[in-house]
Amino acid sequence: MKIVFYGAGNMAHAIFTGIVNSNVLPPENIFLTNRSNEDALKSYQDDLGVQYSYDDKKLLDQADYIFLGSKPHDFDKIADRIREYVQPNHKFISIMAGLPISYIREKLSVDNPIARIMPNTNAHVGHSVTGVSFSNNFGPRSKDEVLNVINAFGSAIEVQEDHLHQVTAITGSGPAFLYHVFEKYVQAGTKLGLEKSQVEESIQELIIGTSKMIERSDLSMEQLRKNITSKGGTTQAGLNALSQYDIEGIFEDCLNAAVNRSIELSAQDDD
């Protein structure tokens, strides 16, 4: 299998790094290109063993899957450039936010299978939660191949294309929302009088340990919380203070804002 990445930014980097680290595909079968930053491509080649080229004909020759990872506003130029080299066996995987399958198909002037995926940067450590939507002409075997690639850097949730806005909000932007919460937790902890470095190190370990508890336990997060909340204890006191705030409402506003912005961006690109 040969995979080509058009665009090698943060998200694409997370994906092909995850693929290489999982040994799903030999690195020499992964080809990269970008608009102009050849130094970055050389660095990825040296570090991971992947290949790179600026020759579109060479890149697309005998390619199986083409990841479209450019900035959405750069896609039209890429489509114009590669259209003549697209072959019937090529299958496209878009990680471009806001561009629907119909738009990608129109600009490429093809009827090839197209998937849209919405990963997050946790792909770097093999724990992306990736929303995926397939065009109707994606066959079962090809779907399995795509899902196998996605599982190399995390897990997949298959949804209808119009639900990718919700996936974008919950998991695509999710790491940033959680980093923000952790950042504020560190700031609050520092105000208790400890050194910032001590607080940061402690909370990093706290986050890792809590995540492992969630991963390894069959219990719900609600039950895990209850298990460490003694009546009248310190944890209960802290939770009582938290309950004075509408935390659920805050996160609802956060996610709805992200969903609405995703829809707005999609509408702009359709125009």
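This one's a predicted model, so the numbers in the text were calculated from it and none came from an experiment. For the numbers below, each heavy atom of this structure counts, side chains included, while hydrogens, waters and symmetry mates do not.
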Single-linkage hydrophobic cluster Val132~Met1, side-chain heavy atoms < 4.5 angstrom: yes
Derivation of the side chain to side chain contact (heavy atoms under 4.5 Å, CB included) call for Leu206 and Phe182: CA-CA 10 Å; Leu206 174 67; Phe182 300 149; over 6 Å; no
Any idea how His13 and Phe16 line up, ring-wise: parallel (<30°), tilted (30 to 60°), or perpendicular (>60°)? tilted
Could you state whether Phe134 and Phe67 fall into the same hydrophobic cluster, counting links through intermediate Ile, Leu, Val, Met, Phe, Trp or Tyr residues with side-chain heavy atoms under 4.5 angstrom apart? yes
Any donor and acceptor pair, going by atom type alone, linking the side chain of Asn256 with main-chain N or O of Glu252 inside 3.5 Å? yes
What distance separates Thr229 OG1 from Leu239 CG, expressed to the nearest 0.5 Å? 5.0 Å
Does Arg116 reach the main-chain N or O of Leu99 with its side chain, forming a donor-acceptor pair under 3.5 Å? yes
For Asp39, is there any backbone N or O sitting under 3.5 Å from a side-chain donor or acceptor partner on Ser43? no
When rounded to the nearest 0.5 angstrom, what is the spacing between CG in Leu68 and CZ in Phe92? 6.5 Å
Say whether, by atom type as modelled, one donor and one acceptor occur between the side chain of Arg105 and the main chain of Asn112 under 3.5 angstrom. yes
Counting distance only, does the side-chain N/O of Ser22 pair as donor-acceptor with the main-chain N or O of Ile19 below 3.5 Å? yes
Rounded to the nearest 0.5 Å, the CE atom of Met213 sits from the CG atom of Leu219 at a distance of 8.0 Å
Which value, rounded to the nearest 0.5 Å, describes the distance between Leu59 atom CG and Leu32 atom CG? 9.0 Å
Taking the side chain as everything from C-beta on, heavy atoms only, tell me whether His124 gets closer than 4.5 Å to Met11. no
For Tyr6 and Asp56, test the side chains for any donor-to-acceptor distance below 3.5 angstrom and give the result as yes or no. yes
Would you kindly confirm whether Ile104 and Val146 end up in one hydrophobic cluster when ILVMFWY residues are joined by side chain heavy atoms under 4.5 Å apart? no
Is the backbone N or O of Val186 less than 3.5 Å from a side-chain atom of Thr190, with the two atoms forming a donor-acceptor pair by type? yes
So, Ser133 side chain and Glu161 main chain: donor-acceptor pair closer than 3.5 Å or not? yes
Flag the pair Ile78 / Ile82 as yes when at least one side-chain heavy-atom distance between them is below 4.5 Å, and no otherwise. yes
Side chains of Gln223 and Asn227: donor-acceptor distance under 3.5 Å anywhere? yes
With side chain to side chain contact (heavy atoms under 4.5 Å, CB included) as the test, would you mind laying out the steps for Lys91 and Ile114 before giving the verdict? CA-CA 6 Å; Lys91 292 172 280 288; Ile114 299 173; over 6 Å; no
Closest contact, heavy atoms only, Ser53 versus Lys58: OG-CD, 3.9 Å
Which atom names give the shortest non-hydrogen contact between Asn34 and Ala40, and what distance separates them? ND2-CB, 4.5 Å
Pair Tyr54-Glu38, side-chain donor/acceptor within less than 3.5 Å: no
Tell me if a side-chain donor or acceptor on Ser202 pairs with a main-chain N or O of Gln198 at a distance below 3.5 Å. yes
Student check: side-chain heavy atoms of Asp246 and Glu248 closer than 4.5 Å: yes
Salt bridge between Lys143 and Glu158, side-chain N to carboxylate O under 4.0 Å? yes
Side-chain donor or acceptor of Asp74 paired with backbone N/O of Ser70 under 3.5 Å: no
Any sub-3.5 Å donor-acceptor pair from Asn29's side-chain atoms to Leu25's backbone N or O? no
Side-chain heavy atoms nearer than 4.5 Å, only ILVMFWY residues, links allowed to pass through others: does that put Ile93 and Met96 together? no
Neighbour count >12 (heavy atoms, 6.0 Å) for atom CZ, Arg35: no
Find out whether Val24 and Asn148 are in side-chain contact, i.e. whether some heavy atom of one side chain is under 4.5 Å from a heavy atom of the other. yes
Give me the atom names and distance for the closest heavy-atom approach of His90 to Leu60. NE2-O, 2.8 Å
Sequence neighbours excluded, the answer for salt bridge (charged side-chain N to carboxylate O under 4.0 Å, His left out) partners of Asp80 is Arg83
Between Ile117 and Leu164, does the side chain to side chain contact (heavy atoms under 4.5 Å, CB included) criterion hold? Intermediate values first, please. CA-CA 8 Å; Ile117 69 171; Leu164 285 176; over 6 Å; no
Shortest non-hydrogen contact from Val86 toward Val110: CG1-CG1, 3.8 Å
With a 4.5 Å cut-off on side-chain heavy-atom distances among I, L, V, M, F, W and Y, is there a chain of contacts connecting Val167 to Phe251? no
CD (Gln51) and CD (Glu28) are apart, to the nearest 0.5 Å, by 7.0 Å
Which heavy atom of Phe138 sits nearest to which heavy atom of Pro113, and what is that distance? CD1-CB, 3.5 Å
Any non-hydrogen side-chain atom of Leu48 less than 4.5 Å from a side-chain atom of Thr17? yes
In the structure I gave you, are the side-chain heavy atoms of Thr121 and Ser128 within less than 4.5 Å of one another anywhere? no
Could you walk me through whether Asn240 and Gln236 pass side-chain hydrogen bond (donor to acceptor under 3.5 Å, both in side chains), step by step? CA-CA 6 Å; Asn240 288 344; Gln236 184 65 65; 2.8 Å; yes
Any donor-acceptor N or O pair under 3.5 Å, side chains Asn137, Ser135: yes
Give me the atom names and distance for the closest heavy-atom approach of Val50 to Ile30. CB-O, 3.6 Å
Does NZ or CZ of Lys2 come closer than 6.0 Å to the centre of the six-membered ring of Phe31, within 45° of the ring's axis? yes
Rounded to the nearest 0.5 Å, what separates atom CD1 in Ile157 from atom CE in Met118? 12.5 Å
May I have the step-by-step check of side chain to side chain contact (heavy atoms under 4.5 Å, CB included) for Phe153 and Thr130, ending in yes or no? CA-CA 9 Å; Phe153 54 87; Thr130 302; 3.6 Å; yes
